[in-house]
Every structure is written in C-alpha cells, then in structure tokens.
2 protein chains.
Amino acid sequence: MKKKTTIYDIAEKLGITAATVSRALNNNSKISETTKKLVLKTAVEMNYEQNKLALALKSGKSYNVGVVVPRIDMNFFGSIIRAIEDELAPKGYHIIICQTHGDESKENESIDTLLNAQVDGILISSSNKEIEPFNRVLAKNIPLVFFDRKKTMKGVSSVVIDDFEGGYNATLHLIKQGYTRIAHLSGNRSIEIYKNRYLGYKQALIDNGLEFNEDYVIQTSSDRISGSNSLKSLLKLNPAPNAIFSASDLAALGAIQELKLKHIKVPNEFAVVGFSNEPFTKFMELSISTVDQSPLEMGKIAAQVFLEQVASTTDEKIEKNIVLPTELIIRKSSALVD
Amino acid sequence: MKKKTTIYDIAEKLGITAATVSRALNNNSKISETTKKLVLKTAVEMNYEQNKLALALKSGKSYNVGVVVPRIDMNFFGSIIRAIEDELAPKGYHIIICQTHGDESKENESIDTLLNAQVDGILISSSNKEIEPFNRVLAKNIPLVFFDRKKTMKGVSSVVIDDFEGGYNATLHLIKQGYTRIAHLSGNRSIEIYKNRYLGYKQALIDNGLEFNEDYVIQTSSDRISGSNSLKSLLKLNPAPNAIFSASDLAALGAIQELKLKHIKVPNEFAVVGFSNEPFTKFMELSISTVDQSPLEMGKIAAQVFLEQVASTTDEKIEKNIVLPTELIIRKSSALVD
DNA sequence: CTGTTAGCGCATTCAC
DNA sequence: GTGAATGCGCTAACAG
C-alpha cells in the first residue's frame, strides 16, 4: 500500500519546512526562486498531488456542487447536466450527481447527503412538495438554484421555461391550422410545469373562442402506452377531438402510433404536438411537432447563477428568477400541407 | 453568515467533550444511554450535520467515486451512469461526473482533478491513447475500472461488450437474410470498440464465403450527415452494396434517410443494421435493427466490480475482465417479409 | 463511561 | 525568505 506523498514528505526530503513547500507550490508570498524551483522539481519527482480534501476542510470550500435530478438517462436532464458540467468544470468545480427517481424521500436524502458532503451549492430539479428540506440548505447558507421544476422561496434563484407560453403557443398553432376540437394529454398537474402547460392550453382555447371541454383533458404519464390508451379514450367521445397537445413527447408518440393503427391520417385528419423536443421527435419519418425547452441553455444559466451567487461578497442573497422562452417546433405531425 | 454547528458546539452546550459527542453520534463504544439521548436530542435541535470532509480527511475515504465519460447527454452513457449511481448511492458513495468530449487532454485533466479530490475510485470510458495517466492512478492505489472503452493493463478490471460478436452477428444476420453485398460504416478503428466491430463484420463475411471488399468499408462519424454521405459514396461503386452494417445508429439513420430520398426500398432492396440501440431506433416507423449494448447492465457491473475492489482486504489487485454479450435486435430495417 | 491527546494535509499568522 | 505554531472537524488511542 503506497502512501500518498504530502508536503511534509517533500519538506523532509529537502530539509526545509512544510510551510515553505506550501508557499512554493502556491507561489504566494516572497520566496526565493531557487527553493521554489527546487520544490517544484522534487514535487513532480515524488509524484505529489495536492489533497483538496485538506484544503477544503481548511478553507470551507469543497469546490463540489450537487446536482439533483429525477433521472440522468433522460435526454432533457442529461443535456442540462452536460451544460452545467461544461460551465462549471473550467472554474474548478466538480459535479456530484444524485437521482431521485421522482421520489420525495430520496430527494430529501440526497439533499442531506450533499450537505454532509459540504458541497458549495445545490442545483436541483425538485419533485418535492415540502420546502422544509430547502430551508435547511438556506440555513447553512449554501447557494441553491432550482431549474425546470422550482419551488417559490424568498432569496432562492430559479431557471425555468415558460411552460404556460409553451402550452399556449402549441395550442394556438393547432387552432391556426384549423383544428377545432383540441384535446390535451396532461401530466400530473400537482407539479407546476404540467399545471402551467395545461393552463396555457386552456387560455389559448378561450382566447380564440373555442369551448374548453373538461373531457378533452386526460392525465397521462410520460410513456407510449399511456399515450395510446388516452387516445383510445378520446376517440370514444362524441364528438371526438381531432387534435392533441400532449405535455410529453412519449405520450404524443403513443397517440400517433395508435392513430396509425386506426388508419387515421396524421396530420390531415388528426394533428399532434408534443413537448420537450426529445431527439426521436426529429428523427421519425412522420416527425413530431413539439416544444423545445433548451436544456443546454437552462443548464448553462443555472450554472452561471450559481457562480454569481458564490462570487457575491454581500451577505444578502441575490434572487434571480429566470424564465426562458420556449420554441415551438413545427414538424409533420401538425403541419397541414395546402 | 451563519456558521455550521460542529460537535464542539454541542459539546460546549452540554458541558461535555467533543469526543463524547462523537461517540454518541456514532453510538460506538460504551456510552450511557442518558448522555447519548441527550446528545442526539440537542444535535437535532442545533441542526447539526456531520462534516464528511473532516471524516474523509481523517479516514482517507471520501466516499466519492469519479465517473469519466465522453458526454453525459448520450443515452448510452447516461444509462450507464444511471445504473452506477443507482448501485453506489445505497452504499453511501457519491458520483462525480467528468466529461471529456473525447478529448485526450481533457481526460487527463479529469483524472488529475479526481485524484486531487481524493476519490475512492475511478470508473472511466477512456478515449485515451496513453496509459501513463492510469499508471498514476494505480500508483496511488485507488481502484480503477474501465467500461465500454478499455485499456489493457495488468491488475485493472474492465467491463465491456463483445463488439466483435456484435459486429459478427449483425453481419451474419444480413447474410442469412440473403444480402450478399454488405458494406460497413465503421468508426475510427484506432479505437478498440470500432476495430472489433469491423473485425467481426469481416470475419462473418469470410466465414460465409463472401468476398471481403475494402471499398465497402467507409470510416464514418456518428451522425446523420456522415451516414448519408457514406451511403452516397457506396452507391457510386460498381457493384453497389445492398446492405449496410453501421457501427453507429445515427449513421445508420442517415443512410436510411438517404435511401429514402433515392427511393430505394428498405429493407426489400437495401437493408440496414445499426449499433447501440438508441431509443429512436425503436420509435421510427421504419424501426432500425441494431445491436444492444445493455448499458444498464454495464454500469451496474462496473459499480459492483468497484465495490468488490474496495471491499477486498488483500493488497493484491483483483483483475476482472468482464465481457458482456450483445443482443441483436431485429427490426424492420433488415427484416425481410416473405 | 468520559476526558485528554493527537493527527489526517494544508495554508496562514506571527516571529525571526 | 523561512521556521514554528495553529486550526479546519472529526475520530481513535490511551488514560482515568
């Protein structure tokens, strides 16, 4: 078991003291060129690497930030994390990943364990109903940034997309294309993002003189099966809808596949718009219209907000609530050809 | 600026010593029930949380492991990391993510910075040509596990898929379907995984009495444009191939889209098999045959190998070289209907 | 059962 | 310019 070399080892070898070695390594205060070079040289010789743990303990900065997401293998979150890492790595920060799988207790656990690990900040897409865990973060005075799924808290920053606008524009697009009976596959509306997409949908109908029909809104989880099941239910209605705005791309896909089985032509007889701009929506032969959430932008900005926060010398917390615009991407599943 | 409460704070408040508090918190040796309960109670009252950094510095275990991948927003790597996190989190380990973007110097940087951070292990999918950086890891005696893209080193474990078998079976499938002029969109064959897929392809041709034609092998990067360009080149050959085994799903997709533009029927006139089982391959209307790499399995096993390594008390390194079987997934792009 | 001491590796203050 | 001493927060060894 080889021991790691410390500054004491190299100090001893050189017959000097650890403090001098430290100074040489950080080329801080006044130190003679000769000893400095000597130290640097023997440092590499002895394969020395600084123990950031000791530094962290001393300075109180770990240069680690925790990132908490439901799942990392969803393209949306993967992209956000990618952007966060790209932004923070050059500044010397490491990213510690926690997955909650949408489970509240796991999320609370993650927060605790990150606090224990002395992270310098927490960036989180929260599935939490409580705000108590976040109060604990604030009490410890460590920066907290919400992204995508936020909690509204004084002094806490957030970066989200305008889900209302996204839902509104998607629905408006369908209306302008001439569809009049537009249904909505909604997510769980106790989660803010899904509530807002739903509200945007509803408002677009109202603003354009279309009747809002409660039966046309079906809570659907983000998978193909749910999407196709929801479509089946919708088709049983009288009158049946002739378009869907789905709060999730996968549900939209399921609906489209079901439409195909029923030989209903998309988009001529029935249009579909999804949400998230998952990669597959672009690749389909019948490409799927969707709402882009610019995850890279979101991650980048969340990281920047965090950096501002740690850089700020004032004790007062800066609260930034950034709302990114969405972009409606019109593809074949809703683009009527004249 | 609120200070974090330490065991000294709670010791002082109780008029006892820090050591006692520590013992109470870890309910280790013999300690009176009364003081223990008292300590525990005031600990929550004072909102105490253990500083793992100090513990790490003392014990030499940080309970952090570094995971290094090219990019985290690729489904394959995202899934691997998901599995690693799921496996390691219950054991108290945190995952630190580093992205290399396939850049060798960034990879070396990542390794250094992880070593500095005193990680307990490094799990890496390496884009590196050198093995020197890994020698530094071994010199520090910290467990190293390669996944997907390995380096062959004595005493170092790895978890990879059988790329040769994957390439072989994909090609064999095309042969059995009756295609005789089978081309290969290869990745950069200086990387082992691409070399092995290529070798599997070649061997399948040879074993089945088909001529191996150098012109039928085109180095193609993993994107749609490259795929469609490669297809164009292939069609200029005389005789042109009538099937492709592509080492990447995206290149396969590009080829298929190009075939469609040229009104060449897939799979009747031309078959395509990709590699990786990216989500979109399943969702396409013309679903794409591909080779599954079981990323979840790979991540899980890599994590388990790491855990075995840290658990092992013996000084000698355990070397496990695990090769996971691939699974050929036959879909419409290569399934001739009789 | 509990207090005392020491050390993990480093940077920093105060002397010289 | 360099050495000596100190503390970051915690645990483990040794006393009592």
Side-chain angles (χ1 to χ4, degrees), chain A residues 1-40 42-43 46-64 92 115-120 140-141, chain B residues 1-40 43 46-64 92 115-120 140-142:
Chain A
M1 181 70 181
K2 283 167 196 158
K3 291 260 305 145
K4 295 154 190 171
T5 69
T6 75
I7 54 172
Y8 285 97
D9 299 328
I10 121 162
E12 188 180 17
K13 180 159 187 178
L14 262 46
I16 57 179
T17 188
T20 310
V21 176
S22 172
R23 281 189 275 254
L25 258 23
N26 299 303
N27 60 281
N28 257 0
S29 29
K30 321 123 194 202
I31 192 161
S32 81
E33 268 307 306
T34 42
T35 47
K36 181 170 157 184
K37 285 202 169 161
L38 188 60
V39 168
L40 258 38
T42 48
M46 299 182 69
N47 200 13
Y48 168 79
E49 306 212 35
Q50 187 190 47
N51 185 335
K52 296 276 183 194
L53 240 42
L55 208 173
L57 179 59
K58 176 132 192 70
S59 68
K61 282 205 67 167
S62 67
Y63 276 94
N64 284 150
L115 288 176
N116 285 168
Q118 307 298 116
V119 291
D120 290 349
K140 292 222 164 12
N141 216 287
Chain B
M1 180 67 182
K2 284 167 195 157
K3 289 261 305 146
K4 296 155 189 169
T5 70
T6 75
I7 53 172
Y8 284 96
D9 300 328
I10 121 160
E12 188 180 15
K13 180 161 188 177
L14 261 45
I16 56 177
T17 188
T20 310
V21 176
S22 172
R23 281 188 276 254
L25 260 22
N26 300 303
N27 60 282
N28 256 0
S29 29
K30 321 120 191 206
I31 193 163
S32 81
E33 268 307 304
T34 43
T35 46
K36 181 171 156 183
K37 284 200 172 163
L38 188 61
V39 167
L40 257 38
M46 300 181 71
N47 200 13
Y48 169 79
E49 304 213 38
Q50 187 190 47
N51 184 334
K52 295 276 183 193
L53 240 42
L55 209 172
L57 179 59
K58 175 129 189 73
S59 68
K61 282 205 67 168
S62 67
Y63 276 95
N64 286 150
L115 288 177
N116 285 168
Q118 308 297 117
V119 292
D120 291 349
K140 292 220 164 9
N141 217 285
I142 91 155

d([atom1], [X]; [atom2], [N]) in whole Å:
X       : N      : atom1 : atom2 : answer
A:Leu38 : D:dT2  : CG    : P     : 10 Å
B:Ile16 : C:dT4  : CD1   : C1'   : 14 Å
B:Tyr63 : D:dC10 : OH    : P     : 17 Å
B:Ile7  : C:dG3  : CD1   : C1'   : 13 Å
B:Glu12 : C:dT2  : CD    : C1'   : 18 Å
B:Met46 : D:dG9  : CE    : P     : 13 Å
A:Asn27 : D:dT2  : CG    : C1'   : 16 Å
B:Leu25 : D:dC10 : CG    : C1'   : 11 Å

Near DNA chain D, under 4.0 Å by heavy atom, which residues of residues 51-60 of chain A?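 Under 4.0 Å from DNA chain D: A:Leu57, A:Lys58.
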Residue pair B:Gln50 / A:Asn116, side-chain donor-acceptor N/O under 3.5 Å: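 Checked: B:Gln50/A:Asn116 side chains show no N/O donor-acceptor pair below 3.5 Å.
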Could you check whether any side-chain N or O of B:Asp120 sits under 3.5 Å from a backbone N or O of B:Lys61, counting only pairs where one atom can act as donor and the other as acceptor?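 Checked: no pair found.
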Side-chain donor or acceptor of B:Ser62 paired with backbone N/O of B:Gln118 under 3.5 Å: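 Flag set: sc B:Ser62 to bb B:Gln118 pair under 3.5 Å.
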If the cut-off is 4.0 Å, is [X] near the phosphate of [N], judged by side-chain N/O to OP1 or OP2?
X        : N      : value
A:Ser22  : C:dC10 : no
B:Gln118 : C:dC8  : no
A:Tyr48  : C:dC10 : yes
B:Thr20  : C:dG3  : yes
B:Thr35  : C:dT2  : yes

The side chain of A:Arg23 is closest to which nucleotide in this list: D:dC10, D:dG3, C:dT2?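 Nearest to the side chain of A:Arg23 among the choices is D:dG3.
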Out of curiosity, [X] [atom1] to [Y] [atom2], how far, rounded to the nearest 0.5 Å?
X       : Y        : atom1 : atom2 : answer
B:Leu25 : B:Tyr48  : CG    : OH    : 5.5 Å
A:Lys52 : B:Leu115 : NZ    : CG    : 12.0 Å
A:Arg23 : A:Ile7   : CZ    : CD1   : 10.5 Å

Pair A:Thr20, A:Thr17 - check side-chain hydrogen bond (donor to acceptor under 3.5 Å, both in side chains), show working. CA-CA 5 Å; A:Thr20 310; A:Thr17 188; 5.4 Å; no
Could you check whether A:Ser32 gets within reach of a base, just the sugar-phosphate, or nothing at all, counting any heavy atom under 4.0 Å?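 It contacts sugar-phosphate atoms only.
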Regarding A:Ile31, tell me which of base, sugar-phosphate or nothing describes its non-hydrogen contacts under 4.0 Å with the strands shown.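 Answer is sugar-phosphate: A:Ile31 comes under 4.0 Å of backbone atoms only.
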